[in-house]
Amino acid sequence: MPVSITTFTGDEMAEAVIKDMYDLQTNVSGLCAFQSQSATNSSFSIRGVGTSSQNFGLESSVGLYVDGVYRARQNSMINNLVDVAAVEVLRGPQGTLFGKNTPSGAILVSTIAPSHDGDNSFIEATFGNYGLVNLSGAMSFSAIEDVLAFRATAFSSSRDGTISDVILGEDTLNDRNRWGARFQALYTPNDDVSFRVIADYSGIGEICCGAPVQLSNFQALEIPEKFGSDATLPSLCGTVFAGGDAFYDREVAVSFLPESSMTDRGLSAELNWDIDDDYTFVSISAYRNFESFDNLDTDFTDADLFGTSNLSEQESFSQEIRLDYTGDKLNYILGAYYFTQELDLEYSLYTDTLFNPFFLAQFQGAFDPLFAGLDGISALTSGFIAPTAVAAPNGTGVDHVVAQEHESYALFAQLDYQFTDELTLTAGIRYTDESKDLATEFSENLPGGEDFPTFFANTTELAIGGGLAGAALGNIGAALLSGQAPTAADLEATRPFQTIGWGFNALGATTAARPNIVESIADDQITGTLKLSWQPNRDTLVYGSYGTGYKSGGTNTGRIANGFAPLFDAETSQSFELGIKKDFRDYDLRINAAAHYTTVEDSQANTFTGNGFNLQNAGDYEISGFEVEAT
């Protein structure tokens with residue numbers, strides 16, 4: 001095949017102890033699989049090109065497929081690889097044959113189909129350190145000889161954590177608790193028709209993820225008198241890690257253990273009909289539902305500052321039809337693809353008991369005289385002048401609810417033409433049309449139902465407001481001592497600091513009130529590939545290829561600052577590749593080598609900006625390199 005590809009059979013995966021996607025990356029050059037704050041934020045990249053999963057409006061740059069069905073959420077793929085016939089990792093843009101989003105490549109997983117003889121049944125148990133226990137098994141059985149067969153598969157995986165919390169216990173974080181089952185039916189009424197139905201369900205419920213501190217932010221490097229949050233935390237909690245040994249000892253200190261849970265379920269049906277010796281009709285229909293929830297201590301300290309919860313549900317339907325032709329010199333595929341999904345998200349950033357003193361500590365007591373003066377005058381006037389209100393009260397939720405609808409259509413064709421027995425041309429083209437509709441409702445919920453105040457847009461305005469309020473407080477005191485009523489202007493100047501929640505809006509995009517979003521995006525793209533391969537003998541294949549990839553634009557499902565666009569444009573890629581595949585049979589050796597050059601335009605990036613994430617098209621970049629695999 002004229003493409004850089006790594007393939008593992010089920011037996012090879014067993015020999016290499018590949019149990020999940022994280023094991024797979026250790027055996028495939030250029031493939032990376034990684035987690036960030038939670039198990040629901042898992043991502044994949046190939047040759048350095050990938051996409052963050054931290055924003056639910058992003059889609060993967062690596063197409064993920066199981067039994068021909070596209071998996072829209074990257075984290076749905078991190079569960080155990082059980083009862084698998086083969087895994088293929090295709091590098092570089094795959095912009096013709098595969099359903100969606102393959103500007104970086106594709107990972108194809110094929111499970112073992114039912115059989116009539118039951119020879120591929122198995123039971124397996126694996127034990128390891130940290131209390132690891134993997135159990136799995138599968139069994140095929142025949143209901144109607146050579147006509148109807150069934151297969152049942154089940155697995156579970158459990159393990160203690162690998163990160164300890166100094167207060168909450170040893171080996172408590174990054175544990176493993178996974179399970180799943182799959183049931184299949186294969187109907188083959190004659191030699192020309194096969195119909196396969198697969199129903200699957202899997203789940204994850206883990207304490208994930210720990211984030212050890214490698215470097216203290218007590219004081220900025222080479223910037224005198226510039227201090228970070230670690231300078232404030234010792235007065236609020238008992239433990240602040242300075243990095244170093246605690247990082248390498250895999251220790252953390254958090255307020256509560258993080259929670260990550262996911263359920264993934266689906267139903268697919270694949271029909272293969274050999275119309276005659278040359279033509280085969282293929283249809284793959286699938287429904288999938290994916291739900292995830294995480295509740296995280298996102299200040300990553302044992303100070304009770306704040307946390308975030310994330311509840312999402314993704315529901316999708318896909319339909320692919322293909323007509324495959326096989327001839328003497330010419331092979332081709334014609335196809336159409338349809339995909340639709342609904343994405344619902346409920347997100348909350350909520351404050352805890354120490355958030356208010358932590359917020360005030362950033363001002364190093366600058367507001368103390370104002371607070372003391374207001375509280376004193378309030379006591380003297382028996383509450384006629386209101387006292388100081390809590391700036392950032394415990395139990396506040398900064399929330400948003402997202403609903404996104406997404407439709408995608410595609411037409412594609414690919415051919416292989418043999419000029420000679422040694423020289424083959426491969427050409428493919430795909431037209432894709434995408435549309436997405438986004439509706440986001442933002443809310444800021446103070447305890448008790450009070451309205452969320454919007455006095456100060458940033459900390460600079462807050463500092464100015466504090467100065468004006470201090471001056472107004474002096475005027476109010478003088479007026480009261482002389483028996484006169486304070487002026488309306490002076491009372492208005494102090495009113496922000498007498499209103500609960502007055503500090504939140506100054507923190508910026510993370511907590512600031514903002515209007516709701518209703519937006520739509522639509523785009524289309526033509527992608528394709530052109531390859532020329534030369535096979536002088538059965539042991540040697542040399543090829544050159546050019547390919548383009550496309551990932552549609554999208555919608556930002558996070559809480560973003562006013563002024564940032566909630567929509568981002570499509571990401572595209574193009575790649576040139578030269579490769580050789582060579583078998584040295586006398587030495588039982590196979591070499592696969594490739595050199596590649598890839599450009600990515602309008603890269604979609606989710607960047608942390610200090611008090612939140614901003615999702616935008618970040619620009620263009622180039623990647624070049626080479627890879628060698630020897631077996």
Side-chain angles (χ1 to χ4, degrees), residues 1-3 5 7 9-10 63 65-70 84-88 90 94-100 102 106-116 120 140 142 144-151 184-198 266-287 317-339 408-419 421 424-432 527-531 533 535 547:
M1 179 181 292
V3 64
I5 179 174
T7 302
T9 65
Y65 300 85
V66 180
D67 293 318
V69 177
Y70 173 66
V84 169
V87 175
E88 300 171 88
L90 284 69
Q94 305 296 321
T96 302
L97 293 182
F98 299 100
K100 277 182 61 61
T102 55
I107 300 174
L108 316 180
V109 179
S110 302
T111 63
I112 296 176
S115 65
H116 291 280
N120 52 11
S140 289
S142 179
I144 303 175
E145 185 65 27
D146 295 328
V147 175
L148 181 62
F150 297 96
R151 185 172 183 83
Q184 303 181 63
L186 179 62
Y187 178 59
T188 53
N190 54 57
D191 293 339
D192 297 328
V193 174
S194 70
F195 185 65
R196 184 182 179 189
V197 177
I198 306 174
L267 180 68
S268 67
E270 179 177 346
L271 171 67
N272 287 268
W273 174 30
D274 293 332
I275 301 172
D276 55 29
D277 291 340
D278 297 327
Y279 289 97
T280 299
F281 175 78
V282 180
S283 170
I284 303 176
S285 309
Y287 164 82
F317 172 79
S318 62
Q319 175 65 57
E320 180 174 342
I321 57 173
R322 297 198 315 265
L323 184 66
D324 301 345
Y325 172 80
T326 303
D328 292 334
K329 295 287 186 180
L330 175 67
N331 303 324
Y332 64 77
I333 295 173
L334 301 175
Y337 182 78
Y338 172 73
F339 176 83
S408 176
Y409 305 84
L411 298 172
F412 58 91
Q414 182 163 303
L415 64 84
D416 295 324
Y417 182 75
Q418 268 190 300
F419 292 109
D421 290 341
T424 301
L425 174 70
T426 300
I429 190 170
R430 185 183 191 93
Y431 170 77
T432 304
T527 54
T529 187
L530 189 65
K531 302 180 175 75
S533 58
Q535 189 171 4

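As the structure is a computational prediction, the values presented were derived from the model and not from experiment. Because only heavy atoms are used, hydrogens play no part in the values below, and waters and symmetry mates are left out as well, while side chains stay in.
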Within the 3.5 Å criterion, strictly below it, is a donor on S533 or K531 matched to an acceptor on the partner's side chain? no
What pair of heavy atoms forms the shortest contact from S115 to A149, and how long is it? O-CB, 3.7 Å
State the OG1-CD distance between T96 and Q414, to the nearest 0.5 angstrom. 5.0 Å
If the condition is side-chain contact (heavy atoms from CB on, under 4.5 Å), which residues does S318 pass it with, not counting sequence neighbours? V69, A286, Y337, F339
Partners passing salt bridge (charged side-chain N to carboxylate O under 4.0 Å, His left out) against D416 (at least two apart in sequence or in another chain): none
One pair to check against side chain to side chain contact (heavy atoms under 4.5 Å, CB included): E320 and F412. What are the steps and the verdict? CA-CA 11 Å; E320 180 174 342; F412 58 91; 3.7 Å; yes
To the nearest 0.5 Å, atom CD1 of I333 lies from atom OG1 of T326 at 8.5 Å
I want to check something: taking the side chain as every heavy atom from C-beta on, are L425 and L530 in contact at a cut-off of under 4.5 Å? yes
Mind running side chain to side chain contact (heavy atoms under 4.5 Å, CB included) on V84 and S110 for me, showing each step along the way? CA-CA 6 Å; V84 169; S110 302; 5.9 Å; no
Can you name the nearest heavy-atom pair linking N120 to S140, along with the distance? OD1-OG, 3.4 Å
Spacing of CG belonging to D192 relative to CG belonging to D277, to within rounding of 0.5 Å: 9.0 Å
CA sep, side-chain torsions, deciding dist, call: L271, V193, side chain to side chain contact (heavy atoms under 4.5 Å, CB included): CA-CA 7 Å; L271 171 67; V193 174; 3.9 Å; yes
Give, for atom NE2 of H116 and atom OG1 of T188, the distance between the pair rounded to the nearest 0.5 Å. 4.5 Å
Can you list the residues that meet the side-chain hydrogen bond (donor to acceptor under 3.5 Å, both in side chains) rule with Q184, with sequence neighbours excluded? R196
A185: partners by side-chain contact (heavy atoms from CB on, under 4.5 Å), with sequence neighbours left out: F150
Check the surroundings of atom CG in D276: do more than 12 heavy atoms from other residues, nucleotides or ligands lie under 6.0 Å from it? yes
Residues which pass side-chain contact (heavy atoms from CB on, under 4.5 Å) with Q535, listed by chain and number, not counting sequence neighbours: L541
Closest non-hydrogen atoms of A413 and L334, given as atom of the first, atom of the second and distance, are CB-CD2, 3.6 Å
Only counting residues at least two apart or in another chain, list the ones meeting side-chain hydrogen bond (donor to acceptor under 3.5 Å, both in side chains) with S194. none
Rounding to 0.5 Å, atoms OG1 (T424) and CG (L330) come to a distance of 11.0 Å
Could you list the residues that satisfy side-chain contact (heavy atoms from CB on, under 4.5 Å) with Q319, not counting sequence neighbours? S283, S285, F317, I321
For T432 and S408, which heavy atoms make the closest approach, and how far apart are they? CG2-OG, 3.9 Å
Residues at least two apart in sequence or cross-chain that pass ring pair (Phe, Tyr, Trp, His ring centres under 6.0 Å) with Y287, listed by chain then number, are none
Do other residues, nucleotides or ligands put more than 12 heavy atoms under 6.0 Å from the OH atom of Y187? no
Any residue meeting side-chain hydrogen bond (donor to acceptor under 3.5 Å, both in side chains) with T280, in chain and number order, not counting sequence neighbours: D274
Test side chain to side chain contact (heavy atoms under 4.5 Å, CB included) on F195 and V197; report intermediate values, then the result. CA-CA 7 Å; F195 185 65; V197 177; 3.5 Å; yes
Please report the shortest heavy-atom distance between A410 and R430, naming the atom on each side. CB-NH2, 3.5 Å
Output all residues satisfying side-chain hydrogen bond (donor to acceptor under 3.5 Å, both in side chains) with E270, sequence neighbours left out; order by chain, then residue number. N272
Under the rule for salt bridge (charged side-chain N to carboxylate O under 4.0 Å, His left out), what residues qualify as partners of R151, not counting sequence neighbours? D83
By ring pair (Phe, Tyr, Trp, His ring centres under 6.0 Å), Y279 pairs with (sequence neighbours left out) Y325
Would you compute the distance between atom CG of L108 and atom CD1 of I5 and round it to the nearest 0.5 angstrom? 7.0 Å
